[in-house]
> 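I have a structure I would like to understand better, so I am pasting it below and will then ask my questions one at a time.
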Protein chains: 2
Amino acid sequence: MEFFDKVGKSALGSRLRLMTAVVTDDAAKIYELYGVDFVPKWFPVFYTLTEEREITITEIANEIGHSQPSVSKIIQEMIAAGLIEESAKTEDKRKNNVVLTEKGILISKKIKQQLEDIDVAIEGIIAESKHNLWAALEEWEFLLEQKSLIKRVSEQKKKRESKDVKIAEYKAEYQEAFRTLNVEWISTYFEMEEADYKALDNPEDYILKKGGKILVALYENEPVGVCALIKMNNSEYDFEMAKMAVSPKAQGKSIGWLLGKAIAEKAKELGAKKIYLESNTILKPAINLYYKLGFEKVFGLETPYKRCNIQMELVL
Amino acid sequence: MEFFDKVGKSALGSRLRLMTAVVTDDAAKIYELYGVDFVPKWFPVFYTLTEEREITITEIANEIGHSQPSVSKIIQEMIAAGLIEESAKTEDKRKNNVVLTEKGILISKKIKQQLEDIDVAIEGIIAESKHNLWAALEEWEFLLEQKSLIKRVSEQKKKRESKDVKIAEYKAEYQEAFRTLNVEWISTYFEMEEADYKALDNPEDYILKKGGKILVALYENEPVGVCALIKMNNSEYDFEMAKMAVSPKAQGKSIGWLLGKAIAEKAKELGAKKIYLESNTILKPAINLYYKLGFEKVFGLETPYKRCNIQMELVL
DNA sequence: TACATTTGTATAACTAGTTATATAATTAAT
DNA sequence: ATTAATTATATAACTAGTTATACAAATGTA
């Protein structure tokens, strides 16, 4: 199909669907050719029953990768066709153990030669082709099991978008964003405290003039994340990392990670050896991020914030 | 899936179906991830509309390999969603030309980045794998277009079964089969004639004792095909190939071909240079077979059979 | 020019699966 | 010994396609 060359790989689902239709349409004709009264969709269930003497519906479903209702319906059709029957000898009355009937066993023998012919025909196509479809499907099953397509796409999205995120130095025009973004999350989870207002309303005086720094993450030139480095005096630490906030609208772009990395870098530039932070364990994604950035738990320092129940440090 | 290793290639349809389900399930989630109000199945139609400014439903269906009703339904859904609209400016009133609306154009722009991300993600999987699924699908589309799966399987069936066909010399026990098989086809298409009864009721006297031969095709030890070589005197031909009959139950096993080849071989053994046959053009498969065996049309010989309207010879 | 055939679309009914949910039987937990 | 949770199955309702068919418009032909 020329169409798929134009569209690109994102039409993989459509391409697979068409090939599936082509193959399964012929499957029905093949049973006809061999004069077997059999519906192609029965095959995986039927095959399982020729292997396992007795097996429940749910077990079959797991074995062949169908949903349980799908197998349930197929079983009913095959019972109606006289190929299988319920086998009463089970203690668990919920279970519906099924086995092949005489007729079923007969058909399984009749079908055997047919399956071999199909196998040879498909092997023939594989031999004719450069790229092995069967092996490719097997690999894809494995690779998508490891990491699903949605996961892979979402990672790619993050990667691309984080490239468009710029980390900039604080300017007066970002004061409103600095305040809003922080008020947003603080008041969602906690109460705003005195110390918060001071720093957020007047970062110039309370952070920058005291030797601190503020970085802003810009996405499409809009400030979507902020983080501050606050000078600590009379302490083993040089700076506290604080007031980190990312707009919920800009989630999934690794903005927290980029800000954290940039802040650590900035601290190093300023000659710092160790930085410190305070947080609360109910902020699980934040705590995770801190660990990823290399922070480790420390204990016993004083803090003006009620909401603090975890303290961490990063050795630069 | 372990299952597929056990079952073998004949479960290719099932394997494709499962992979299709896995991929298309994630496709829906991907649109959600990008916040686009869009149904995956719309995509091929939508894509075509972004390429072609104006296009009819049937043209779209051909382009993307769907049935026309499928596209018809998708178009209706997309019109309801406000993505496309009917474009009145067509003379042919049967045609329903459709174009993207403003909203549709907007979404096509929004979707662009998403498609690129999917493309990158899928390219990633292809890069991770040894067997290229995308390329394999392309090859299979081509190869199955050239010769369908049912055709390939049916050829394999024929090939295998013809191996189980044995060509044997005539024995008295085959007289009944020789008669029945011939009466069957002759009386279906024509009337039995005097010359038929003579030869069929008493092949010993009328064929063998006069220097002719009869060969019998056996499948599972049952006679399923017969053919005679009748000595011709006072003629440029050494033998006439006649009374060829194959049981309809044993069709598709190349029995006619095997008998014809064996008869020609036998004639050569007996020192013949040219053999002759008479037939009727309404027996198309038979005439085809004779051509395949190397016979060519000749004209103007006398014949005792009313049903004869074509005469052929084979130079050995 | 009138009639038959072809073309373009829509609709109905089907297929092979799915998810959601109800029910009964069994197992686990207090 | 109850009660709660889990398991096995069946059923209903949905999805993304299909084929068969009806109907109107356009085209071809005697």
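Sequence lines set the chain letters: A, B, ... in the order given, protein chains first and strands last, and positions in each chain run from 1.
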> Specify the separation, in whole Å, of atom CD1 of B:I74 and atom C1' of C:dA10.
14 Å
> Both A:Q76 and A:S14 contact DNA chain D. Which one's nearest nucleotide lies toward the 5' end?
A:Q76
> Going 5' to 3' along DNA chain D, which nucleotides are the first and last within contact of chain A (any atom under 4.0 Å from a heavy atom)?
D:dT7 to D:dG17
> Below 3.5 Å, can you tabulate the donor-acceptor pairs from side chains in residues 118-128 of chain B to any protein atom, sequence neighbours excluded?
{"from": "B:D119", "atom 1": "OD1", "to": "A:K9", "atom 2": "N", "distance (Å)": "3.1"}
{"from": "B:E123", "atom 1": "OE2", "to": "A:K9", "atom 2": "NZ", "distance (Å)": "3.1"}
{"from": "B:E128", "atom 1": "OE2", "to": "A:R152", "atom 2": "NH1", "distance (Å)": "2.8"}

> Quick one: side chain to side chain contact (heavy atoms under 4.5 Å, CB included) partners of B:N288, sequence neighbours excluded?
none
> Under 3.5 Å, which donor-acceptor pairs link side chains of residues 69-85 of chain B to any protein atom two or more places apart or in another chain?
{"from": "B:S70", "atom 1": "OG", "to": "B:H66", "atom 2": "ND1", "distance (Å)": "3.1"}
{"from": "B:E77", "atom 1": "OE1", "to": "B:W42", "atom 2": "NE1", "distance (Å)": "3.0"}
{"from": "B:E77", "atom 1": "OE2", "to": "B:K41", "atom 2": "NZ", "distance (Å)": "2.9"}

> Would you indicate what B:S70 reaches in the nucleic acid, counting non-hydrogen atoms under 4.0 angstrom: base, sugar-phosphate, or nothing?
base
> How many whole angstroms separate atom CD1 of B:I75 from atom P of C:dG8?
15 Å
> What's B:S67 touching, base or sugar-phosphate or nothing? Going by heavy atoms closer than 4.0 Å.
base
> Considering heavy-atom distances to DNA chain D, does B:E77 or B:P69 have its closest nucleotide positioned more toward the 5' end?
B:E77
> Which residues satisfy the side chain to side chain contact (heavy atoms under 4.5 Å, CB included) test with B:Q113, sequence neighbours excluded?
A:R160, B:E116, B:D117
> Restricting to pairs with a member in residues 14-34 of chain B, which pass ring-ring contact (aromatic ring centres under 6.0 Å, His included), not counting sequence neighbours?
B:Y31-B:F38
> Under the side-chain contact (heavy atoms from CB on, under 4.5 Å) criterion, do A:E141 and B:F4 qualify, and how do the steps go?
CA-CA 11 Å; A:E141 283 162 11; B:F4 292 114; 4.1 Å; yes
> Among C:dA20, C:dT9, C:dT11, which is the nearest nucleotide to the side chain of B:K95?
C:dT9
